[in-house]
Amino acid sequence: MSIDPLYLWQHVLKILSNELNNDMSFNTVLKPTRLAALEADTAIVEVPNDFIKSVIEKRYLNLIKDIFSSVLKQNINVVINVNPEGFGSEVLPDDSISLNEVSETKTLAEDTTPSLNQKYTFDTFVVGNSNRFAHAASQAVAQAPAKAYNPFFIYGGVGLGKTHLMHAIGHYILQQDPTCKVVYLSSEKFTNELINSIRDDKNVEFRNKYRTIDVLLIDDIQFIAGKERTQEEFFHTFNALHDANKQLVISSDRPPKEIPTLEERLRSRFEWGLITDIQPPDFETRIAILQKKAMMENLIVPNDVINFIATKIETNIRELEGALIRVVAYSSLTDCPIDIGLAEQVLKDILPDGKPKQVTSKQIVEEVGSYFSISPEEFKSKKRTKDLAFARQVAMYLCCELTDLSLPKIGEEFGGRDHTTVIHARDKITRDIQEDSQLSNAVESLKKKILYS
Ligand SMILES: Nc1ncnc2c1ncn2[C@@H]1O[C@H](COP(=O)(O)OP(=O)(O)OP(=O)(O)O)[C@@H](O)[C@H]1O
């Protein structure tokens, strides 16, 4: 059995898009491409014209090679060939634009049609205990936009299906009414467009674009925390849409009240409607997701291998899918049958002996810092503001839990604090976790991030 090049290429592009942080040139240069063949150790990628070929070769070739090599666990050469056939007319014409203009090709007026992933529908979403409520609420919103719950706020850890549900809502609404103006975007893109509109003096255009739509699906809202001007603009967009009875769907990696430096007026608005969370899937749901993915992609994978993957990867559905692809791709490249031995071999580096990797205090400080929007230096500083002191205690607690460092050593890592401070932090957070389920979830997801990413 061989892996479908289309499927493999989509997977590579997804990783690439994440690596490039949704860089605007992605849609212009990298999307109109396809994997024509994967022969031995060479991937042949087809592009519509010489211009795109030269941009990819100059900017992205090494990254693409790295991604292929890591997905397929062997060195892969990548060759870019020009083949205009079958790419359609929407592709950027050859030489129509210079290399340094690539990231400027999208205008504000453009792109109000949502870029919804065709695969992210309610039909392809596997429902389990961890996401049942979020799924039911999403369906209610899709069936009665702006009537059921407005705004609708979904939160949960990385790769657990928030974007999938948002797209499913968008698809459903468009099926019922294709004239409906549905816009999906990340809060980062909203911020970038706002910045561009200020730079290009196109504020009015920006406002018109976002205040005249019927359904706004905005992903990863936590990124607007601390960005005053974006919050201000989003506040007005929110009000304009809500007042006009338009649906807002918002996602985040945490509930509104845990987003630091989010303005109170926005926080309270996010709490007007329904807030729902998605938890990591249980074992049965992980199995069901893997079986569904295998079925959708026509992959034949033995049950014991599915069980093996579902046992090993517990928290992130994106990683679950990635592991399945790796195993199938490796088997098709090496002509070896898919069995547990092969799966173990292929997934070895992401599952080191099943034991969690060695954790350092630096990693803990980085993850906790990114969660609370605090820089690593601040953890060491003498400052004791409430938020900082709390984040520091969480980081100290995690150092006690996840590293072999002694208490004095942990104190040292946090700006030379005494070991009794570390004991106090450890005991306090242990108590807080027992009393506060949201904190408990947050600490659990931080632990998983530190241990497995
Ligand atoms: N319940 C599910 N059934 C089927 N596939 C799922 C389910 N949940 C997530 N997935 C798949 O897992 C992958 C990651 O999901 P998605 O991108 O929606 O996660 P996310 O929560 O938005 O993550 P992030 O926080 O990184 O943005 C997608 O390919 C999605 O289709």
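In listed order, ligands and their atoms are each counted from 1. Small disclaimer: the values here were computed from a predicted structure and weren't measured.
Heavy atoms of Lys119 come nearer than 4.0 angstrom to ligand 1 in no pair at all. Within the structure, the closest approach of Asn131 to ligand 1 falls below 4.0 Å when heavy atoms are considered.
Of the N and O atoms on the side chains of Thr285 and Asp282, at least one donor lies less than 3.5 Å from an acceptor on the other residue. Ser251 and Asp219 share a donor-acceptor pair across their side chains, judged by distance under 3.5 Å alone.
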Point to revise | Intermediate values then yes/no, side-chain contact (heavy atoms from CB on, under 4.5 Å), Leu13 and Thr33 | key: CA-CA 10 Å; Leu13 285 183; Thr33 56; 4.3 Å; yes

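Under a 4.0 Å N-O distance rule, the pair Lys119/Glu297 qualifies as a salt bridge.
The part of Lys14 lying near ligand 1 is the side chain, judged by heavy-atom distances below 4.0 Å. Under 4.0 Å from ligand 1, the heavy atoms of Glu321 that appear belong solely to its side chain.
Of the protein's heavy atoms, Arg318 NH2, 3.0 Å lies nearest to atom 17 (O) of ligand 1. Here the protein heavy atom with the shortest distance to atom 23 (O) of ligand 1 is Gly159 N, 2.8 Å. In this structure, the protein non-hydrogen atom closest to atom 18 (O) of ligand 1 is His164 N, 2.8 Å. The nearest protein atom to atom 1 (N) of ligand 1, hydrogens excluded, is given as Val126 O, 2.8 Å; this is a heavy-atom distance. Counting protein heavy atoms only, atom 25 (O) of ligand 1 is closest to Lys162 NZ, 2.9 Å.
Within the listing of ligand 1, atoms 8 (N), 9 (C), 15 (O), 16 (P), 18 (O), 19 (O), 20 (P), 21 (O) sit less than 4.0 angstrom from a heavy atom of Gly161.
Aromatic rings from Phe206 and Phe190 are positioned such that their centres are separated by under 6.0 Å.
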